[in-house]
Every structure is written in structure tokens, then in C-alpha cells.
Asker: 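Just passing along the structure, written as C-alpha cells.
Here is how names work: the chains are called A, B, and so on, in the same order as the sequence lines, proteins then strands, and each is numbered from 1. Values in this document were obtained by computation on a predicted structure and should not be read as measured data.
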Amino acid sequence: MPELPEVETIRRGITPHVVGKKITDVIIRDRRLRRPIPKGLEKKLIGRKLRDLERRAKYLIFYFDRGALILHLGMTGSLRILTRDIPPGKHDHVDFVFGKKTRLRFRDPRRFGCILWTEDNPQQHELLRNLGPEPLGKELTGDYLFVKSRKRTQAIKAFLMDSRIISGVGNIYANEALFTAGIHPGKKAGRITRAQCTKLVAGIKDVLKRAIAKGGTTLRDYVNSEGEPGYFRLELKVYDRKGLPCYRCGTLIKSQRHGQRSSFYCPRCQR
DNA sequence: AGTGCGGCCTGTCCGC
DNA sequence: TGCGGACAGGCCGCAC
């Protein structure tokens with residue numbers, strides 16, 4: 001569910017509630033996530049102070065005075081700040097308790113998320129080590145994308161969503177960025193011109209920044225750490241708009257699948 | 001090496 | 001109203 005703007009919104013929402021505070025309790029009700037929650041995690045966390053909360057791609061990294069928690073929300077994960085102890089629902093798998101008044105609750109119906117612990121540099125963790133550059137960072141440029149995409153036969157959309165190339169670009173925003181750049185999602189990555197790469201990178205950065213500013217996109221169940229939806233859905237140009245007129249030219253938006261993911265595009269504006 | 005697919009899960013929606 | 005099937009925002013790991 002949550003893509004980069006949603007994860008970033010959650011990070012910003014949670015930070016003032018938990019950074020600088022000490023974990024007083026950890027309640028794990030179900031350890032069965034995409035990878036099982038490590039045994040004894042409770043013991044490692046209790047008594048530790050949270051120093052910082054960072055995002056890398058769609059991972060959240062909780063830096064403690066020693067060790068770090070790596071958390072991914074998968075498709076349906078959410079993190080909520082509770083100011084009192086509300087009875088947990090069916091899929092509320094973990095509570096991180098920061099004293100009497102603050103509780104961070106992890107919910108994940110589909111259990112595609114993961115929660116890991118490392119005492120080494122988390123950026124070097126096997127799941128993070130091979131991630132490509134952050135899309136909003138300086139490293140991602142049109143030239144970078146151009147060089148990386150040469151000789152690639154993959155559809156450009158699948159290529160954009162490959163986390164080793166660029167980290168953190170999911171299905172919604174890949175579709176939106178391709179519309180902005182006027183590129184058909186099925187076009188082979190190796191055939192994108194340098195100028196198109198520049199436009200595409202600008203499109204990726206722009207759509208992600210605007211989505212963060214609106215608190216992310218809520219399609220069905222995404223909510224931020226305060227339980228509120230994001231409003232970027234109202235600004236989506238193609239995603240989930242199959243059969244509706246393109247805002248730019250009026251042609252009906254089409255949908256087709258690329259690598260098991262739905263693509264949405266305007267057949268006239270995107271070539 | 002690059003590519004494409006299956007699978008992990010539950011919930012929801014649609015058509016019959 | 002019930003039921004099967006398709007689909008969903010992610011991503012790992014495998015086989016070719």
C-alpha cells in the first residue's frame with residue numbers, strides 16, 4: 001500500500017512523538033510477517049532510547065542508542081500513534097510502547113511487511129545494500145537513468161520500479177511520472193532518449209514531492225500516523241482512471257499489464 | 001546479467 | 001445471498 005510519499009508522511013508524523021523517547025515495552029501479538037519478527041526483539045528494545053528515524057526507499061530505520069530497527073510496511077502496513085491504550089484489532093501485530101502516553105501500533109492485514117533488527121550499519125543490511133539511489137536525491141539524474149537503461153529490453157515502467165535502479169518508486173508514481181514525461185509505459189527502457197530520461201527524472205521528483213505535500217495517496221485503506229487519509233488521489237492523472245478522459249487531451253485512459261502490475265496511460269499523450 | 005514469474009497473505013469487489 | 005475468481009499500493013528469490 002504505502003509508497004514512498006506515504007512512508008515519508010508516516011515518518012514525519014511519527015518523529016515528534018517518538019524520537020528522543022525510551023521504549024518501555026514491546027508487545028508482539030503475531031510474529032508471522034513476510035520474514036518472522038526476530039525472537040527476543042522485545043528484550044533488545046526495552047530500555048533503549050530512539051535517537052533518530054530515517055527513511056531509505058520505503059524502509060523506515062529506527063536508530064536506537066545501540067542497534068537499529070528496520071521496518072517495511074509492505075502493501076497494507078500502517079503505523080499509528082496512540083496516546084492511550086486502545087484494544088488492538090485483529091491485525092494489530094505489534095505495539096511499541098514509549099512510556100504511558102505514547103504507543104506506536106503496527107497493523108498489517110496482509111502481513112507483507114517486515115520488522116528486523118540489526119546492530120550493524122542498517123544501510124549495509126542485505127535488504128538495503130543493493131538499493132538504487134533515492135529518487136529525491138542528487139544522485140538520480142537524467143544522465144544516470146540514461147546510462148543505466150542502455151541495452152535494456154524491459155518495459156520502462158518495470159525498469160523504473162526495479163529498486164536496484166531507483167529505490168522507492170512504486171506502481172502509482174511510476175505511472176504518473178510516465179504520463180508527465182509523455183512516455184508509454186510499455187516502451188523498452190533501452191529506447192528512451194537522453195532528453196526523455198531528463199523529463200522522466202523531473203517527472204518522478206515532481207510527482208513524489210507533490211504527493212508528499214498532500215500527505216500521500218489514499219486508494220482504499222491508507223492512513224497516516226494520525227489516522228487521516230492522504231489527498232494526492234485527487235491529483236492523479238492516470239492511475240486508476242481507466243476509461244476516463246485524459247485531463248490533457250480527452251482521450252480515454254487505457255490500462256494494460258506490464259510485469260503483473262497494472263499500467264495506466266493515455267494512448268495519445270504517451271508514446 | 002537481465003528478465004519474468006510465482007509466491008507470500010487477507011480483504012474487497014464484481015459477475016454469475 | 002452466496003460463491004468463485006480477479007485484483008490490490010511491495011518485493012524476494014528462483015529459473016531460464
Asker: Looking at A:Y247, I'd like to know if the NZ or CZ of A:R241 sits under 6.0 Å from its six-membered ring centre while staying within 45 degrees of the ring's axis.
Answerer: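 Judged by the rule (NZ or CZ under 6.0 Å from the ring centre, within 45° of its axis), A:R241 counts as positioned above A:Y247.
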Asker: Tell me, which pairs form a salt bridge (Lys or Arg N to Asp or Glu O under 4.0 Å) where one or both residues lie in residues 127-137 of chain A, sequence neighbours left out?
Answerer: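 Of all non-adjacent pairs touching residues 127-137 of chain A, those that pass salt bridge (Lys or Arg N to Asp or Glu O under 4.0 Å) are A:R55-A:E134, A:R56-A:E134.
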Asker: Using the C1' atom in both, what is the distance from C:dG9 to B:dT3, to the nearest Å?
Answerer: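 Each nucleotide's C1' atom is 23 Å from the other's.
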Asker: Show your working on salt bridge (Lys or Arg N to Asp or Glu O under 4.0 Å) between A:E42 and A:R31 and close with a plain yes or no.
Answerer: CA-CA 12 Å; A:E42 299 91 324; A:R31 311 191 90 89; 3.1 Å; yes
Asker: With respect to the phosphate group of C:dA8, does any side-chain polar atom (N or O) of A:S262 fall under 4.0 Å of OP1 or OP2?
Answerer: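 Answer is yes, contact under 4.0 Å.
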Asker: Do the side chains of A:L136 and A:I204 get nearer than 4.5 Å, heavy atoms only?
Answerer: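 No, every pair of side-chain atoms sits at 4.5 Å or beyond.
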Asker: Given pairs defined as Watson-Crick or G-U wobble with both distances under 3.5 Å, what dot-bracket annotation applies to DNA chain B, with ( ) intrastrand, [ ] crossing, | other strand and . unpaired?
Answerer: .|||||||.|||||||
Asker: A:H72 side chain N/O closer than 4.0 Å to the phosphate oxygens (OP1, OP2) of C:dG10?
Answerer: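 Looking at the OP1 and OP2 atoms of C:dG10, neither is under 4.0 Å from any side-chain N or O of A:H72.
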Asker: Consider salt bridge (charged side-chain N to carboxylate O under 4.0 Å, His left out). Of A:D95, A:D92, A:D108, which one does A:R29 pass it with?
Answerer: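 Answer to the salt bridge (charged side-chain N to carboxylate O under 4.0 Å, His left out) test with A:R29 among A:D95, A:D92, A:D108: A:D95.
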Asker: I'd like a list of close polar pairs between nucleotides 12-16 of chain C and the protein, N/O only, cut-off under 3.5 Å.
Answerer:
unit_1 : atom_1 : unit_2 : atom_2 : d
C:dC12 : OP1    : A:Y59  : OH     : 3.1
C:dC12 : O4'    : A:R34  : NH2    : 2.6
C:dG13 : OP1    : A:R35  : NH2    : 3.4

Asker: Calculate, to the nearest 0.5 Å, the distance between atoms CD and OH belonging to A:E228 and A:Y222 respectively.
Answerer: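 Going from the CD atom of A:E228 to the OH atom of A:Y222 covers 9.5 Å.
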Asker: State whether A:D240 and A:R220 are salt-bridged, where the test is any N-O pair (Lys NZ or Arg NE/NH1/NH2 against Asp/Glu carboxylate O) under 4.0 Å.
Answerer: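 So A:D240 does not pair with A:R220 through a salt bridge.
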Asker: Between the main-chain N or O of A:N171 and the side-chain N or O of A:E3, is there a donor-acceptor pair closer than 3.5 Å?
Answerer: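 Yes; judged by distance alone, with no hydrogens or angles, the pair exists.
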Asker: Looking at A:K214, I'd like to know if its NZ atom is crowded, meaning that more than 12 non-hydrogen atoms belonging to other residues, nucleotides or ligands lie closer than 6.0 Å.
Answerer: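 Result for NZ/A:K214: open.
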Asker: Below 4.0 angstrom, N of the basic side chain to O of the carboxylate: do A:K237 and A:E176 qualify?
Answerer: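 No.
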Asker: Tell me the salt bridge (Lys or Arg N to Asp or Glu O under 4.0 Å) pairs involving residues 148-163 of chain A, sequence neighbours left out?
Answerer: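 Sorted pair list: A:D162-A:R164.
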Asker: Pull out every protein N or O sitting under 3.5 Å from an N or O of nucleotides 2-5 of chain B, one pair per line with the distance.
Answerer:
unit_1 : atom_1 : unit_2 : atom_2 : d
B:dT3  : OP1    : A:T153 : N      : 2.6
B:dT3  : OP1    : A:T153 : OG1    : 3.2
B:dT3  : OP1    : A:Q154 : N      : 3.3
B:dT3  : OP2    : A:R152 : NH1    : 2.3
B:dT3  : OP2    : A:Q154 : OE1    : 3.4

Asker: Apply the side chain to side chain donor-acceptor pair (under 3.5 Å) test between A:H17 and each candidate in A:R103, A:K101, A:E226; give the one that qualifies.
Answerer: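 The single option meeting the side chain to side chain donor-acceptor pair (under 3.5 Å) with A:H17 is A:E226.
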Asker: Please report the distance separating the P of B:dG7 from the corresponding atom of C:dG5, rounded so that it comes out in whole Å.
Answerer: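 Looking at atom P only, B:dG7 and C:dG5 are 16 Å apart.
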Asker: Taking the minimum atom-to-atom distance to the side chain of A:Y239, which one of C:dG9, C:dG10, C:dC7 wins?
Answerer: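 Output: C:dG9.
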Asker: Reading nucleotides 9-14 of chain B from the 5' end, what letters show protein touch, with B for base, S for backbone sugar-phosphate only, - for no heavy atom under 4.0 Å?
Answerer: BBS---
Asker: Give a yes-or-no answer on whether the side chains of A:Y59 and A:E54 include a donor-acceptor pair shorter than 3.5 Å.
Answerer: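 No, no side-chain donor-acceptor pair sits under 3.5 Å.
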Asker: Measure from CG on A:N224 to C1' on C:dG9 and round the result to the nearest Å.
Answerer: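 Atom-to-atom, A:N224 to C:dG9, this comes out as 16 Å.
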